[in-house]
Amino acid sequence: QVELVESGGGLVQAGGSLRLSCAASGRTLSSYAMGWFRQAPGKQREFVAGTHWSGGSVYVADYAGSLRGRATISRDNAKNTLYLQMNNLKPDDTAVYYCAADPAKLGAWSTLNDVDYWGQGTQVTVSS
């Protein structure tokens with residue numbers, strides 16, 4: 001059974017930065033697509049960023065418009081860990097951030113039931 005555990009969330013002022021981590025256990029996820037989603041109060045869960053294997057040692061990153069240019073997704077397969085570095089955070093970025101893993105590429109089309117594995121989420125709060 002795969003378990004994803006997020007960490008790194010917290011309270012930050014607008015303009016600040018946070019680095020989220022997602023540690024996976026249970027199996028090696030190097031061939032899996034992994035990504036970050038977020039859900040703000042009263043809103044649907046939305047795709048933030050994803051990374052998928054494209055062959056050899058190459059991984060491709062994709063970003064949603066909301067954080068493009070302000071976030072960097074990366075993965076350390078040796079540690080089975082996914083990261084999301086977020087900079088210049090805005091109050092609209094306030095949400096619970098979830099880590100996800102699936103054999104198929106993740107994106108805005110991914111729904112809760114589509115994705116094989118989800119973490120429990122980590123709260124990110126950006127104050128103005």
Side-chain angles (χ1 to χ4, degrees):
Q1 181 68 22
V2 172
E3 184 179 21
L4 303 176
V5 179
E6 302 97 334
S7 61
L11 174 64
V12 64
Q13 288 188 332
S17 299
L18 281 176
R19 188 195 195 203
L20 306 183
S21 299
C22 170
S25 61
R27 69 169 295 166
T28 299
L29 297 179
S30 57
S31 64
Y32 272 55
M34 298 188 75
W36 293 95
F37 292 73
R38 69 185 184 184
Q39 187 165 15
K43 295 186 177 181
Q44 290 190 332
R45 191 170 299 192
E46 64 174 1
F47 171 76
V48 172
T51 172
H52 64 276
W53 182 58
S54 69
S57 60
V58 178
Y59 289 83
V60 177
D62 303 287
Y63 298 92
S66 56
L67 273 169
R68 186 175 290 127
R70 299 188 292 123
T72 302
I73 189 171
S74 61
R75 61 197 295 167
D76 185 337
N77 290 329
K79 295 182 179 179
N80 225 19
T81 300
L82 180 74
Y83 304 97
L84 183 69
Q85 175 69 43
M86 300 186 291
N87 301 318
N88 191 22
L89 284 162
K90 304 175 181 180
D92 283 349
D93 296 320
T94 295
V96 177
Y97 283 70
Y98 296 91
C99 176
D102 193 84
K105 180 181 175 181
L106 298 170
W109 58 85
S110 303
T111 66
L112 200 63
N113 293 329
D114 285 340
V115 177
D116 276 4
Y117 305 112
W118 290 99
Q120 83 289 348
T122 185
Q123 176 71 46
V124 170
T125 303
V126 185
S127 63
S128 57

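No hydrogens, no waters, no symmetry mates; every other heavy atom, side chains included, goes into these values.
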Just verifying a value: how many Å separate [X] [atom1] and [Y] [atom2], rounded to the nearest 0.5 Å?
{"X": "I73", "Y": "L84", "atom1": "CD1", "atom2": "CG", "result": "6.0 Å"}
{"X": "L29", "Y": "D102", "atom1": "CG", "atom2": "CG", "result": "10.5 Å"}
{"X": "Q39", "Y": "Y98", "atom1": "CD", "atom2": "OH", "result": "5.5 Å"}
{"X": "L4", "Y": "L82", "atom1": "CG", "atom2": "CG", "result": "9.0 Å"}

Residues forming a side chain to side chain contact (heavy atoms under 4.5 Å, CB included) with [X], sequence neighbours excluded:
{"X": "D62", "result": "F47, H52, V60, K105"}
{"X": "A40", "result": "K43, A95"}
{"X": "S66", "result": "R38, E46, A64"}

Linking Ile, Leu, Val, Met, Phe, Trp and Tyr by side-chain heavy atoms under 4.5 Å, what else ends up with Y83?
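None, because no other hydrophobic side chain comes under 4.5 Å of this residue.
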
ILVMFWY clustering at 4.5 Å (side-chain atoms), partners of V5:
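Other cluster members: none.
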
For R27, the salt bridge (charged side-chain N to carboxylate O under 4.0 Å, His left out) test, sequence neighbours excluded, returns none

For residues 12-26, which side-chain donor-acceptor pairs fall under 3.5 Å, sequence neighbours excluded?
{"unit_1": "S17", "atom_1": "OG", "unit_2": "N87", "atom_2": "OD1", "d": "3.0"}

Min side-chain heavy-atom separation Q123-T94 under 4.5 Å:
yes

Within the structure provided, determine whether V48 and M86 are in side-chain contact (heavy-atom separation under 4.5 Å).
no

Quick note, salt bridge (charged side-chain N to carboxylate O under 4.0 Å, His left out) partners involving residues 67-91, not counting sequence neighbours, are R70-D93

Verify same cluster id: [X], [Y] (apolar side-chain graph, 4.5 Å):
{"X": "V96", "Y": "M34", "answer": "no"}
{"X": "V2", "Y": "Y32", "answer": "yes"}
{"X": "Y63", "Y": "V124", "answer": "yes"}

Who passes side chain to side chain donor-acceptor pair (under 3.5 Å) against [X], sequence neighbours left out?
{"X": "E3", "answer": "none"}
{"X": "Y59", "answer": "N77"}
{"X": "T72", "answer": "none"}

Per-pair distances, 0.1 Å, donor-acceptor, side chain in residues 106-114, under 3.5 Å, sequence neighbours excluded:
{"unit_1": "S110", "atom_1": "OG", "unit_2": "G107", "atom_2": "N", "d": "3.0"}
{"unit_1": "S110", "atom_1": "OG", "unit_2": "G107", "atom_2": "O", "d": "3.2"}
{"unit_1": "T111", "atom_1": "OG1", "unit_2": "D114", "atom_2": "N", "d": "3.3"}
{"unit_1": "T111", "atom_1": "OG1", "unit_2": "D114", "atom_2": "OD1", "d": "3.3"}
{"unit_1": "T111", "atom_1": "OG1", "unit_2": "D114", "atom_2": "OD2", "d": "3.0"}
{"unit_1": "D114", "atom_1": "OD2", "unit_2": "T111", "atom_2": "N", "d": "3.1"}

For S128 against P91, the heavy-atom pair lying closest together:
CB-CG, 3.8 Å

Heavy-atom closest pair (Y97 atom, E6 atom, distance to 0.1 Å) is O-OE2, 3.9 Å

Walk me through whether C99 and W118 qualify under side chain to side chain contact (heavy atoms under 4.5 Å, CB included).
CA-CA 6 Å; C99 176; W118 290 99; over 6 Å; no

